[in-house]
Trainee: 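Take a look at this one; I'll ask things after.
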Amino acid sequence: MDFSDEIYRLKRKKNCIILSHFYQTSDIQNIADFVGDSLQLSQIAAETEADIILFCGVNFMAETAKILSPDKKVLLPEPEAGCSLADSCSVDDLKEFLKNYPDHTVVSYVNTSVGVKALTDICCTSSNAVKIIESLPENEKIVFLPDRNLGSYIKSVTKRNDMIIWDGACHVHEEFSVEKIIELKKKYTDAKVLAHPECKKTVLILADMIGSTAALLEFSKKDECMRFIVATESGILHQMQMSSPQKTFIPAPPVDSTCGCNDCKYMKMITLEKVYNTLKNESPEVLIDIELIKKAKKSILRMFEISK
Ligand code: 13P
Ligand code: SF4
């Protein structure tokens, strides 16, 4: 069966919008109505007039869509598509942790569960994290979670002293090899390094541009450089290559070249066959308790308000 044709037919019939994160495989990106970073996808999920949102991404992204559009049916083709970063901060551990910081404002990266968002004052994504922190008074005491690399990057850019950072990380972005990136830079002296702020500081130091997936893509389109070493999940290379077919994009290698770690194993769980079955059966559906939605939503709406 040609899954793509069937998916097109069903999504029109059911008034469904398919959203895909940049880290999805190219076949999934190609059938999506919109491909974007986590901020862009959450904004579309909040505004869409479709009856069904089919989310090709990971659990926290589909949950965010449901929080923002609770009356819509939100489908996630693979409920096991989690996120090692979101998993590094559980609700119970965070509750215990926050007892030590009762007068702190909690800023959470959107890569968190709905329960963690309910304990959060303001959410952020990699696109707007600096803006969110800069919107707070200079002497504000802040707890930032869950990513230690993004946290310390923002702390250094915004020069905030009173920022406590949760010790979490993403298994993909932690694994890029500094030595191998330096070797590539020596081999291709014309290349620029693009890095996501979830990478370690030792990788970020080598970067010509640090930004969210959408920001890295825009930079690769506009910059005159013809060769880029890309230190983020490899799915983004599909859009980069499509936008700039004349340019060369080299995925930054992980420390262990046999591990395939620059692929996010959770993102790659979504397949065309699963998308087709999900759309046909309208299941698996993301369901969240409405009281939890109300608590979690405030932190996302505050993010939208600040990043307008
Ligand atoms: P973006 O905010 O760039 O979409 O990144 C999301 C993510 O999961 C990074 O690993
Ligand atoms: Fe989570 Fe990392 Fe995968 Fe992004 S790349 S979804 S942070 S595990």
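Just follow the structure's listing: the first ligand is 1, and inside any ligand the first atom is 1. Remember, predicted model here, so these are calculated numbers, not experimental data.
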Trainee: Could you list which atoms of ligand 2 come closer than 4.0 Å to a heavy atom of N111?
Mentor: 7 (S)

Trainee: Is there a donor-acceptor pair closer than 3.5 Å between any side-chain N or O of K200 and the backbone N or O of E174?
Mentor: yes

Trainee: Report, in ascending order of atom number, the atoms of ligand 1 lying under 4.0 Å from any heavy atom of S126.
Mentor: 1 (P), 2 (O), 3 (O)

Trainee: Does a side-chain heavy-atom distance below 4.5 Å link V110 with S42?
Mentor: no

Trainee: So, do F144 and W166 have ring centers that fall under 6.0 Å from each other?
Mentor: no

Trainee: Compute the shortest N/O to N/O distance between T125 and ligand 1 and return yes if it is under 3.5 Å, no if not.
Mentor: no

Trainee: Measure the distance from atom 6 (C) of ligand 1 to every protein heavy atom, then report the residue, atom name and distance (to 0.1 Å) of the closest one.
Mentor: H21 NE2, 3.7 Å

Trainee: Flag yes if more than 12 heavy atoms outside D2 fall under 6.0 Å of its CG atom; otherwise flag no.
Mentor: yes

Trainee: Please list, in number order, the atoms of ligand 2 under 4.0 Å from a heavy atom of H171.
Mentor: 8 (S)

Trainee: List the steps and the verdict of side-chain hydrogen bond (donor to acceptor under 3.5 Å, both in side chains) for H173 and N262.
Mentor: CA-CA 7 Å; H173 290 86; N262 51 356; over 6 Å; no

Trainee: Hey, which atoms in ligand 1 end up nearer than 4.0 Å to a heavy atom of S212?
Mentor: 3 (O)

Trainee: Nearest protein heavy atom to atom 5 (O) of ligand 1, by residue and atom, and its distance?
Mentor: H196 NE2, 3.3 Å

Trainee: Can you tell me the protein heavy atom closest to atom 3 (O) of ligand 1 and the distance?
Mentor: T213 OG1, 2.8 Å

Trainee: How about Y266 and H171: are their ring centroids closer than 6.0 Å?
Mentor: yes

Trainee: Starting from I122, can I reach I164 by hopping between I/L/V/M/F/W/Y residues whose side chains sit under 4.5 Å apart?
Mentor: no

Trainee: For ligand 1, indicate whether the residue E198 contacts it via side chain, backbone, both or neither (heavy-atom separation under 4.0 Å).
Mentor: side chain

Trainee: Count the heavy atoms belonging to other residues, nucleotides or ligands that lie under 6.0 Å from NZ of K268, then report whether that count exceeds 12.
Mentor: yes

Trainee: Closer than 4.0 Å to some heavy atom of N111 - which atoms of ligand 1 meet that?
Mentor: 7 (C), 8 (O)

Trainee: I'd like to know whether ligand 2 has K265 as a neighbour, heavy-atom separation below 4.0 Å.
Mentor: no

Trainee: Under a 4.5 Å cut-off applied to non-hydrogen side-chain atoms, are K117 and C123 in contact?
Mentor: yes

Trainee: Ignoring hydrogens, what is the shortest heavy-atom contact between N149 and E198? Give both atom names and the distance.
Mentor: ND2-O, 2.9 Å

Trainee: If you measure from each non-hydrogen atom of Y23 to ligand 1, which part falls under 4.0 Å: side chain, backbone, both or neither?
Mentor: side chain

Trainee: Which is it for S234 and D263 under the side-chain hydrogen bond (donor to acceptor under 3.5 Å, both in side chains) test, yes or no, and what are the steps along the way?
Mentor: CA-CA 6 Å; S234 60; D263 282 334; 2.4 Å; yes

Trainee: Measure L85 to ligand 1 on non-hydrogen atoms and call it side chain, backbone, both or neither using the 4.0 Å cut-off.
Mentor: neither

Trainee: Could you list the atoms of ligand 1 found under 4.0 angstrom from a heavy atom of H173?
Mentor: 10 (O)

Trainee: Is there a chain of hydrophobic side chains (I, L, V, M, F, W, Y, each step under 4.5 Å between heavy atoms) that links L145 to L39?
Mentor: no

Trainee: In terms of residue, atom name and distance, what is the protein heavy atom nearest to atom 4 (Fe) of ligand 2?
Mentor: Y23 CE1, 3.9 Å

Trainee: Give a yes/no answer: is there an N/O/S atom of C83 under 2.8 Å from atom 2 (Fe) of ligand 2?
Mentor: no

Trainee: Check ligand 2 against S84 and write out every atom of the ligand that is under 4.0 Å from a heavy-atom position of the residue.
Mentor: 8 (S)

Trainee: Quick one: nearest non-hydrogen protein atom to atom 3 (Fe) of ligand 2, plus distance?
Mentor: C264 SG, 2.4 Å

Trainee: Looking only at protein heavy atoms, which one is nearest to atom 2 (Fe) of ligand 2, and what is the separation?
Mentor: C170 SG, 2.3 Å

